[in-house]
**Q** 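If you scroll down you'll find the structure; I have some questions about it.
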Amino acid sequence: MTDFVLLQKYIDDSGLPIATIATKTGIKRETIYNRFKGVGEFTASEMTALCKVLRINKSEREKIFFKM
């Protein structure tokens, strides 16, 4: 289960608008919004792309995307 609060912190800290994050990751803006609404889960490639663009390290990635 994704920790959307922590993911949102990284998005906010990046200073990038969602449209820019979508372009840089190759994830549709609508898909990002849908994930936050609980529609589907991030795929492995989406997680990897978000971590790269938002500069999320492996430890934090685990906290965000594999929260128990």
**Q** Under 4.5 Å between any side-chain heavy atoms of I64 and I56, yes or no?
**A**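 Sidechains of I56 and I64: in contact.
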
**Q** Are any side-chain N or O atoms of T2 and backbone N or O atoms of F4, one a donor and one an acceptor, separated by less than 3.5 Å?
**A**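 No, because the side chain of T2 does not come within donor-acceptor range (under 3.5 Å) of the backbone of F4.
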
**Q** Just to verify, what does K9 make a side chain to side chain contact (heavy atoms under 4.5 Å, CB included) with, not counting sequence neighbours?
**A**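 Testing K9 for side chain to side chain contact (heavy atoms under 4.5 Å, CB included), a comparison that skips the adjacent residues, returns L6, D13.
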
**Q** Without placing hydrogens or testing angles, list every side-chain donor-acceptor pair under 3.5 Å for residues 24-33, not counting sequence neighbours.
**A**
| residue | atom | partner | partner atom | Å |
| --- | --- | --- | --- | --- |
| T25 | OG1 | I21 | O | 2.8 |
| T25 | OG1 | A22 | O | 3.3 |
| T25 | OG1 | I27 | N | 3.2 |

**Q** Y10: what forms a ring pair (Phe, Tyr, Trp, His ring centres under 6.0 Å) with it, not counting sequence neighbours?
**A**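 Residues passing ring pair (Phe, Tyr, Trp, His ring centres under 6.0 Å) with Y10: none at all.
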
**Q** So which pairs with a foot in residues 33-48 pass salt bridge (Lys or Arg N to Asp or Glu O under 4.0 Å), sequence neighbours left out?
**A**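 Salt bridge (Lys or Arg N to Asp or Glu O under 4.0 Å) check on residues 33-48 returns R35-E46.
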
**Q** Scan residues 39-65 for pairs that pass ring-ring contact (aromatic ring centres under 6.0 Å, His included), counting only residues two or more places apart or in two chains.
**A**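 For residues 39-65: F42-F65.
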
**Q** Mind checking the SG-NZ spacing from C51 to K58? Nearest 0.5 Å is all I need.
**A**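 One finds 11.5 Å between SG of C51 and NZ of K58.
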
**Q** According to side chain to side chain donor-acceptor pair (under 3.5 Å), who are the partners of T48, at least two apart in sequence or on a separate chain?
**A**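 Per chain and number, T48 pairs via side chain to side chain donor-acceptor pair (under 3.5 Å) with no residue.
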
**Q** Taking side chain to side chain contact (heavy atoms under 4.5 Å, CB included) as the test, write out the residues that go with T23, two or more places apart.
**A**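 If we apply the side chain to side chain contact (heavy atoms under 4.5 Å, CB included) test to T23, skipping adjacent residues, there are no hits.
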
**Q** Evaluate side-chain contact (heavy atoms from CB on, under 4.5 Å) for F36 paired with I18, printing each intermediate quantity in order.
**A** CA-CA 12 Å; F36 271 86; I18 292 294; 5.7 Å; no

**Q** Mind checking what makes side chain to side chain contact (heavy atoms under 4.5 Å, CB included) contact with N57, not counting sequence neighbours?
**A**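 Once residues adjacent in sequence are excluded, the partners of N57 under the side chain to side chain contact (heavy atoms under 4.5 Å, CB included) criterion are S59, E60.
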
